[in-house]
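Because the structure is a prediction, the values reported are computed rather than measured. We count ligands from 1, going down the list as the structure has it; atoms in each ligand are counted the same way.
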Amino acid sequence: MKNKIQLIEDKLKKSGIKYNLIPLPESLPLDIPSHVMFYKITFSQATATILYKTDKGIVAIQRRADTKFNLEKLKQAIGVKQLEFASESDLRELGTKNGLVPLFGLQVKYFIDKKVLEQGKIYGSSGDGLFGLAIQAKDLPKVNNGQIIDVTERPILGKKRVYSGVRATGRLHLGNYLGAVKGMLALQDDYDCTFSVVDLHAMTTPYDPKTLKDSIRSVILDFLSAGLDPEKCRLEIQSQVPQHTELSFLLATLYPLAPLEDLPTFKDKKAQYPKNVNTALLYYPILMAADVLLYKGELVPVGIDQEPHMEVMRECARKFNQVYGDTFPEPYRFKTMGEYVPSLTGAGKMSKTVEGSFINLNDDFETIKRKLAKVPTDAGTTGGDVPKIGGVATLFVLLALFNRDDMHKKYKQDYMDGKIRYGELKAFLSERIYDELKPIQEKRKYFEEHPKIVDEILKMGNEKCLKIAEETMKEVKEKMGLSI
Ligand code: TYM
């Protein structure tokens with residue numbers, strides 16, 4: 001019995017079409033943004049295949065991931081009266097599931113929106129989750145016999161609003177980079193993005209007023225060096241847009257006190273800084289909600305540790321909408337493969353405040369090697385499954401996150417066979433990490449040497465942000481009964 005990939009390759013070979021099968025990491029979520037990020041492509045190159053149930057049976061409709069169907073046009077074009085998403089059991093019957101619907105090969109009629117064909121190379125699902133499939137757009141109708149239709153509107157993703165922020169507490173580490181910044185980078189091409197240095201949040205735990213300015217600047221430099229592009233996104237410094245605090249106070253009038261005291265993030269900080277349990281610390285999630293809602297953000301690229309704050313944010317949006325009328329979308333977290341980067345100590349997550357837990361974006365090769373050398377391991381001779389916690393688990397998570405080929409699998413096999421050599425693995429991993437960080441460090445030098453360019457970028461970003469913030473506040477104040 002042939003597996004799905006063999007069947008796909010047979011079909012592609014028979015029709016003489018050029019293709020690439022791209023091995024996917026096991027941990028890659030089944031959604032389009034994660035794949036776009038992994039392939040390093042834009043949303044316009046990703047093809048979404050959606051199965052609909054109609055009065056004439058199930059059909060597959062293909063569109064570019066940066067466009068949206070006009071449902072009335074779609075019904076007309078395919079000649080049906082009723083149209084709804086196929087259910088999970090419909091998909092199961094066809095031998096597929098959400099996130100895995102293949103570019104061709106299902107026993108249904110395929111329709112292709114013509115904007116898909118405007119692209120050169122397109123990327124889609126091969127149907128098995130182990131490989132992605134890339135072909136020339138013009139070849140798509142040849143393999144799936146798809147009928148070309150003209151039924152989408154553009155752009156939707158270009159209008160979806162994204163907001164994220166990093167506290168001004170010094171240099172970014174790999175957790176910030178992989179859990180948040182990589183998500184920002186993936187979204188800036190196709191979405192309406194605002195990214196912020198949240199300096200007010202940095203003041204909720206002990207900080208040094210003498211160095212705060214430098215910390216703020218440093219995060220901006222790391223943003224720019226990592227590839228955030230002021231032509232594509234707005235960059236702001238939170239405290240320079242005073243509407244953040246204004247909106248946070250108004251949202252606080254809606255939000256009860258007790259759930260804030262119960263938040264795990266608040267409890268952790270309370271335990272960490274028992275002598276500094278200030279009111280602003282308790283208020284942190286409300287200010288964070290205001291950050292995102294001020295821009296009517298819908299997607300928030302942050303690590304998994306921020307999920308409790310995301311819930312507060314949604315609750316604020318819901319409450320406001322209930323009381324004062326529909327105003328804010330309910331924002332959701334944009335997940336990346338690096339949503340939880342574990343600590344180098346083998347316990348907990350990589351964190352700025354835990355010494356020995358992190359690799360910074362500016363660490364040189366020797367520093368990275370030295371830090372990895374300290375990750376606790378075992379004798380390497382026991383074999384079995386790769387552990388889920390501890391230093392060895394951390395090394396394997398990092399291997400997967402910096403994976404470019406099958407080396408991750410090779411080391412996994414070595415571990416299972418009880419013949420892993422940690423010295424070799426750590427040296428290899430150090431190189432992989434440094435390979436990714438080196439260009440970022442070089443770019444940072446450029447921005448350090450050109451402070452005027454950075455000033456100009458910040459001025460431009462703040463101006464644009466202030467305009468949006470003023471509009472939201474006008475609407476909010478009007479609805480809440482404040483005179484304006
Ligand atoms: P901060 O500065 O503590 O963290 C910045 C981002 O880095 C992510 N992160 C991690 N991701 C994966 N693994 C890790 N070990 C790891 N450590 C940190 C965090 O999840 C975060 O995305 N509360 C935010 C700051 C903020 C904010 C906002 C974010 C304030 N307002 C509005 C988004 C939208 C924070 O944790 O910052």
Side-chain angles (χ1 to χ4, degrees), residues 27 161-185 187 193-205 207 215-216 218-220 222-223 226 228 234 236-239 241 244-245 247-248 251 263-266 268-269 272 280-281 283-314 316-317 331-354 357-361 393-394 397-398 400-401 465:
S27 46
R161 282 166 303 252
V162 176
Y163 185 97
S164 189
V166 172
R167 282 179 304 142
T169 49
R171 301 297 301 268
L172 265 57
H173 57 65
L174 284 188
N176 305 135
Y177 175 62
L178 298 162
V181 178
K182 277 226 159 180
M184 304 183 201
L185 290 168
L187 297 172
C193 297
T194 308
F195 300 128
S196 181
V197 184
V198 286
D199 47 356
L200 297 173
H201 279 105
M203 298 167 77
T204 58
T205 45
Y207 77 100
S215 298
I216 296 168
S218 186
V219 176
I220 285 288
D222 275 342
F223 274 178
L228 291 185
R234 289 175 289 273
E236 70 156 9
I237 294 173
Q238 183 193 34
S239 65
V241 179
H244 284 273
T245 40
L247 180 58
S248 71
L251 293 176
L263 279 184
T265 39
F266 176 64
D268 286 351
K269 286 280 183 283
Q272 208 174 350
L281 189 62
Y283 190 72
Y284 183 116
I286 305 291
L287 179 58
M288 179 162 163
D291 293 340
V292 176
L293 298 181
L294 188 59
Y295 296 94
K296 302 203 175 173
E298 294 154 271
L299 263 186
V300 184
V302 282
I304 200 166
D305 59 321
Q306 295 302 302
E307 205 51 81
H309 293 161
M310 293 303 304
E311 194 46 52
V312 174
M313 200 181 285
R314 286 190 285 274
C316 283
Y332 283 87
R333 189 166 70 87
F334 175 73
K335 301 172 191 166
T336 66
M337 264 175 80
E339 64 177 11
Y340 182 88
V341 179
S343 162
L344 298 185
T345 61
K349 67 162 189 162
M350 188 174 281
S351 162
K352 279 174 224 187
T353 48
V354 180
S357 81
F358 54 82
I359 290 175
N360 274 334
L361 281 197
T394 297
V397 169
L398 290 175
L401 289 168
C465 287

Just list the N/O pairs, ligand 1 to protein, that are under 3.5 Å apart, with the distance for each.
unit_1	atom_1	unit_2	atom_2	d
ligand 1	2 (O)	R167	N	2.9
ligand 1	2 (O)	K352	NZ	3.4
ligand 1	3 (O)	R167	NE	3.1
ligand 1	3 (O)	R167	NH2	3.0
ligand 1	7 (O)	N176	ND2	3.0
ligand 1	11 (N)	G175	O	3.1
ligand 1	13 (N)	V341	N	2.8
ligand 1	15 (N)	V341	O	2.9
ligand 1	15 (N)	M350	N	3.4
ligand 1	15 (N)	M350	O	2.9
ligand 1	20 (O)	G303	N	2.8
ligand 1	20 (O)	D305	OD1	2.5
ligand 1	22 (O)	G303	N	3.2
ligand 1	23 (N)	Y284	OH	2.7
ligand 1	23 (N)	Q306	OE1	2.8
ligand 1	31 (N)	D291	OD2	2.6
ligand 1	36 (O)	Q306	NE2	2.8

Is a side-chain donor or acceptor of Y207 paired with a backbone partner of T169 at a separation under 3.5 angstrom?
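No: the side chain of Y207 does not pair with the backbone of T169.
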According to the salt bridge (Lys or Arg N to Asp or Glu O under 4.0 Å) rule, which pairs have a member within residues 168-178, sequence neighbours left out?
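Output for this query lists R171-D222.
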Ring pair (Phe, Tyr, Trp, His ring centres under 6.0 Å) partners for H173, two or more places apart
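In terms of ring pair (Phe, Tyr, Trp, His ring centres under 6.0 Å), with neighbours along the sequence ignored, H173 is linked to no residue.
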Could you check Y284 against L263 for side-chain contact (heavy atoms from CB on, under 4.5 Å), going step by step and ending with a plain yes or no?
CA-CA 11 Å; Y284 183 116; L263 279 184; over 6 Å; no
Worked verdict on M184 versus F334 for side-chain contact (heavy atoms from CB on, under 4.5 Å)
CA-CA 9 Å; M184 304 183 201; F334 175 73; over 6 Å; no
What pairs with A400 under side chain to side chain contact (heavy atoms under 4.5 Å, CB included), at least two apart in sequence or on another chain?
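A400 satisfies side chain to side chain contact (heavy atoms under 4.5 Å, CB included) with H408 only.
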